[in-house]
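Report on the structure given below.
Quick caveat, the model's predicted, so the values are computed rather than measured. Chain A is the first sequence line, chain B the second, and so forth, proteins listed ahead of strands; every chain is numbered from 1.
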Amino acid sequence: MRWLLIGIVWVYFLVLLVGPILYMASQSFSEGLTAFWTEISRPEALHGFALTAEITLIVLVLNLIFGTLTALVLARQQFWGRSLVSGVIDLPFAVSPVIAGFMLILLFGPDTMLGALFGQAHIKVLFALPAMILATLFVTFPFMVRELTPLLQTLGTEEEEAARTLGAGEWQVFLKVTLPALRWGLVYGATLTVARAIGEFGAVLVVSGNILLLTQTATLHIYQSYVDFNYVAANAVALTLLAVSFAILTVLEIAKARAETTVAEAGAQ
Amino acid sequence: MKIEVRGLTKTFGSSNAVGGVSFVVNEGELLGLLGPSGSGKTTVLRLIAGLEVPTSGDIFIDGKRVNDLTVQERNIGFVFQHYALFKHLTVFDNIAFGLKIKKWNRRDIEQRVAELLALMSLDGLGGRYPHQLSGGQRQRVAIARALAPRPSVLLMDEPFGAVDAKVRQELREWLIRLHTDLNVTSLFVTHDQEEAMEVSGRIIVFSKGKLEQAGSPADVYEEPATEFVARFIGSMNIVEGIVRRGQVQVGSLEFPATGFADGQKLQVGFRPYYVKIAEDPARYRQQAKLRHIYFLGVAYRLEIETPDGLILRSRMNKEEFRRCHFIVGQAVSFAVTHFRILPREGTSPSLGTESGSPIAGPLTP
């Protein structure tokens, strides 16, 4: 019975995860290493990687700042509508990214006030970088907040108060006490944000217009190559993204282990 | 430096955490704020520190009104109940934290931290992290950290609350020594009356946000100003009776109460060791039945019941106890040798300082 259960898990694991990955890897190299290299060093592919990196980096920075801020406010402040905000934060997990993208299209369309405003200022939001960043922000926003809020709640305010009694101003308290206490949570949240930002497809597809060499991210490039029957290109770029994701996952696991020992240490106190 | 608070009040929502409290902590004094949990004593400490803003009232440190100074500007040392050590910093960096904030130069910091590590018997532990220390060591690091920037006053919130009984005893003795050595004006909060008695030079007893009594441990113990203090500090028999012809009558017991009007209801308190018990029914005038004998380690506690159903506690030392041969259930005679008439709650405490004064006196057996 025991072996049967373990067997089921293995089969499931092989069929669902290992099989597809191995097959994709073999397909990427089906026309040789040179073909693989050609595909991932093609200007369209390089542009896709660069655009994905750019969006990911900007989203990461914004999430680090506003995620921490939101978590701080949620964990520390009592205000009207707090439970509403806290509940709505998970919304991006529940809403399909395509819907998220569609909402942006509606919001910044030429017929709305917001769209008209940006139009007059000659700032292109839709089918350009700003909308792609907004879409990615929407889908990644919960990660940081969900990581940091419980951490801040268990941390409490005593250490911060102790720092104040020792003469530390609010910035010093934040930089020397709060932030170091959050460090593993930040790493964890950042990793999840990056992984999700790199992989985002639906929301970005809707708002970007998928314009070659302009608004085509790496995932969009995979999709386009596949639609154009260029399977080697699709496989090669996909494998590269997969490798990056795998690396990130490894970092995440290390961070998680470290964070757990930190929590255990804190619990032992 | 001297600390003084005048009419200090703090309201949280609609409840009064601290209601108009005034007291002085003299320079170099070690003063204990004693009270049950929720009595507002921690709030008083936080108000003095500047961690809370008073609703009304004034706070003076070294004669200077500090109400408008931030916690950072008040130059106080604060020891938190659960230490609140910086978990990500070593013992050295914890102690050095305040010095770095105050921009001391590196050599001075190293010297000061080394000095404090030695003073706190923490030599060799500078490189450890808080989770690698015992409860008592963490406590000492917390005190060292608070003392490092040479604060004008040291405020401690339940400093021994989070360590076990044996370590607590050591820490108390250690704190008294430390205070004698450094002589920094110190105010600490505790709910443990024994701890307050042992450690403080003076005690302030708190209840429901109000100051009940201030005085030396002996004063507070021997001359409780209010019923609350009498009940809270040590063990006390408290009985209630009505004044008739200058005597409070409680069943067959009578306590002289000259100066009180007939018909007035009064409470009388007496410590268990002022209840003398004998096997010989003729030895004392009052009769009772022995209900329980408790062994306390250093002494015995005897619980007796009078024919009126009054239950009284008596305390007896071992030698005395061995001379008698008490059996639970037997008839005994007893007398109350000292007592106090307790002021009613809400009235101003009438202070009898000497036993034998009109409101407190010995009874002839």
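- Within the cation-pi definition used here (under 6.0 Å to the ring centroid, within 45° of the axis), B:R202 does not qualify as a partner of B:F23.
- Both the backbone and the side chain of A:E159 come within contact range of chain B, each with at least one heavy atom under 4.5 Å from a heavy atom of that chain.
- At a threshold of 4.0 Å, the pair A:R146-A:D90 counts as salt-bridged, since one of the basic side-chain nitrogens sits closer than that to a carboxylate oxygen.
- Ranked by heavy-atom pairs under 4.5 Å with chain B, the list A:A163, A:G169, A:G156 is led by A:A163.
- For B:T190 and B:E195, the side-chain atoms include at least one donor-acceptor pair closer than 3.5 Å.
- For the options B:Q81, B:R74, B:E73, B:H88, heavy-atom pairs under 4.5 Å to chain A are most numerous at B:H88.
- Both the sub-6.0 Å distance and the 45° axial angle are not jointly satisfied by B:R145 relative to the ring of B:F97.
- Options B:R46, B:K102, B:Q132 differ in how many heavy-atom pairs under 4.5 Å they form with chain A, and the most are formed by B:R46.
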